[in-house]
Number of protein chains: 2
Amino acid sequence: MGIQERKARNKEDLRRQILDAARHLFVTEGYENVSMRKVADRIEYSPTTIYLHFRNKAELLGAISEETLQRLLNTLEGLSKEGGDAITILRKSAQSYVAFGLEHPKDYDLTFIKRPLYQEGLRLTEGSAGERAFRYLRAMVNECIEQKQFRPVDVETTGQALWGAMHGVTSLLISYPDFPWVDKNTLINTAIDIMIDGLKAQT
Amino acid sequence: MGIQERKARNKEDLRRQILDAARHLFVTEGYENVSMRKVADRIEYSPTTIYLHFRNKAELLGAISEETLQRLLNTLEGLSKEGGDAITILRKSAQSYVAFGLEHPKDYDLTFIKRPLYQEGLRLTEGSAGERAFRYLRAMVNECIEQKQFRPVDVETTGQALWGAMHGVTSLLISYPDFPWVDKNTLINTAIDIMIDGLKAQT
DNA sequence: TTATTATACTTAACACTGTTAACTTATTTA
DNA sequence: TAAATAAGTTAACAGTGTTAAGTATAATAA
């Protein structure tokens, strides 16, 4: 029964085309400046064809955001395999998180800043990228505590505070590019150092 | 020449009506679900009248955001008059900042999260609310250093890192209301404590 | 007081939006 | 070969931000 498979493959191909076209347009022109007709034009299909693959424009954005989250997660999970002590991995992860945002500012904006407003975002269902990302963060914090490099703080609270701080720096740098920031790397590393120092065990 | 004054007053009145109607609608229905026609309906004028006071919808949002910024700034500046040592004032300011966001989530969203995307936001011209807010933050950090409660960190970098952390916690709590957050106050105070601990002078 | 000019506001229109229902065409199954 | 399914399109609806042109009213100048 290769026929059904071919059909499924074609359908999947078109879905990919739509996603790629939409991401390109969303990133270059901004979500609200991109119409379904523009996306359709780009893939040379009629606008309504998109609705055979996505319920509406918000769901199209949702699918793109989910892929962004996956890419970020892959970057982060790769890091823990490089080894090093717990704090080093945590620091590198934090740096990578912000770096990802600054390297793909429009994608970060769509996924973490803009998306929640359109679609109650960030599913944390078992196995979702969001859930895996947060489990990764929890494990890092826990490791720092077990290695006695952090004082015995609450893992969940600390994880959320760390995410907050990193998301804050990232989203401000992205959202206000004209603000008179100090050197970006200095700012990022200072924010990370302050947090880590504040969590360190008293010596 | 009371006539011109009356006219100016009427004009100002209508501007206020537009701003109030627009803020109410933006906050209750969301910026993109509010049309210029809806705002006009609410004040019982034709849609085009709004364009005699604001260049376009984004500028209308900009004016509302500026007022929100003013309100936040007033709240903060009131705090420093209550007295207390430098760290206490800094902590209370940080708490107030987040509290403001959580008490007016839609306003915070419009001003700090959503606005930048529509209009390259946050003017820092001499005397603007944004500029005053940042001067206030710098002064607080400086005071903590001079009182030897903070180690001699760079004031500008530290201020920006603090703002980042607070904005991050605030915007995440607002943007992801369904996320399994720990107790909000615990999270907020933990984030603040970690930062302050990380900045304290070694004793 | 009358004619002119400026102000405040409205009507009508343009080009575009997300989305749905109804239709056509091609492909697969019975 | 006929019926059913799938894939894709056309046409339309109700609504959008915004502009140009028009109208009425009030203020000024003659």
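In what follows, every chain begins at residue 1, and chains take the letters A, B, ... in the order their sequences are listed. Scope of the values below: all heavy atoms of this structure, side chains included, with no hydrogens, waters or symmetry mates.
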Open item on the list: Applying salt bridge (charged side-chain N to carboxylate O under 4.0 Å, His left out), can you list everything that pairs with Glu67(B), at least two apart in sequence or on another chain?
Closed with: Arg16(B), Arg23(B)
- [ ] Look at the side-chain N and O atoms of Thr49(A) and state whether any lies under 4.0 Å from the OP1 or OP2 oxygen of dA7(D).
- [x] no
Open item on the list: My understanding is that only residues two or more places apart in sequence, or in another chain, count here; which of them pass salt bridge (charged side-chain N to carboxylate O under 4.0 Å, His left out) with Arg151(B)?
Closed with: Asp197(A)
- [ ] Identify, with sequence neighbours excluded, every residue that meets salt bridge (charged side-chain N to carboxylate O under 4.0 Å, His left out) alongside Glu82(B).
- [x] Lys92(B)
Task: Lys106(B) NZ/CZ over Tyr31(B) ring centroid, <6.0 Å and within 45° of normal - done: no
Task: Integer-rounded Å distance: dC9(C) C1' and Lys11(B) NZ - done: 11 Å
- [ ] Answer with base, sugar-phosphate or nothing: what part of the nucleic acid does Leu52(B) contact at a heavy-atom distance below 4.0 Å?
- [x] base
Open item on the list: Rounded to whole Å, please give me the gap between CG in Leu61(B) and C1' in dG17(D).
Closed with: 15 Å
Task: Nucleotide dC9(C), atom C1' - distance to OH of Tyr45(B) in whole Å - done: 9 Å
Task: ring-ring contact (aromatic ring centres under 6.0 Å, His included) involving Tyr45(B) - partner list, sequence neighbours excluded - done: none
TODO: Take the protein atom CD of Glu59(B) and the nucleotide atom P of dG17(D), then report the distance between them rounded to whole Å.
DONE: 15 Å
TODO: Indicate, with a heavy-atom threshold strictly under 4.0 Å, whether Ile50(A) touches base, sugar-phosphate, or nothing.
DONE: nothing
Task: Whole-Å gap separating P (dA7(D)) and CG (Asp13(A)) - done: 13 Å
- [ ] Round to the nearest Å and state the distance from His53(A) atom NE2 to dT9(D) atom C1'.
- [x] 14 Å
TODO: Using a 4.0 Å heavy-atom cut-off, write out nucleotides 16-25 of chain C from 5' to 3' as B (base contacted by protein), S (sugar-phosphate only) or - (no contact).
DONE: -SBBBB----
TODO: Answer whether the closest heavy-atom distance between the side chains of Ile196(A) and Gln149(A) falls below 4.5 Å.
DONE: no
Task: Counterpart residues, salt bridge (charged side-chain N to carboxylate O under 4.0 Å, His left out), relative to Asp41(B) (two or more places apart) - done: none
Task: Distance, rounded to the nearest Å, where Ile18(A) contributes CD1 and dA7(D) contributes P - done: 12 Å
Open item on the list: Strictly by salt bridge (charged side-chain N to carboxylate O under 4.0 Å, His left out), give each pair with a member in residues 155-169 of chain B just once, sequence neighbours left out.
Closed with: Arg138(B)-Glu156(B)
Task: Pairing residues for His53(B) by the ring-ring contact (aromatic ring centres under 6.0 Å, His included) criterion, not counting sequence neighbours - done: none
Task: Distance, rounded to the nearest Å, where Asn10(B) contributes CG and dC9(C) contributes C1' - done: 13 Å
TODO: Can you run through DNA chain C from 5' to 3' and write each base as (, ), [, ], | or . depending on how it pairs? Watson-Crick or G-U wobble, both distances under 3.5 Å.
DONE: ||||||||||||||||||||||||||||||
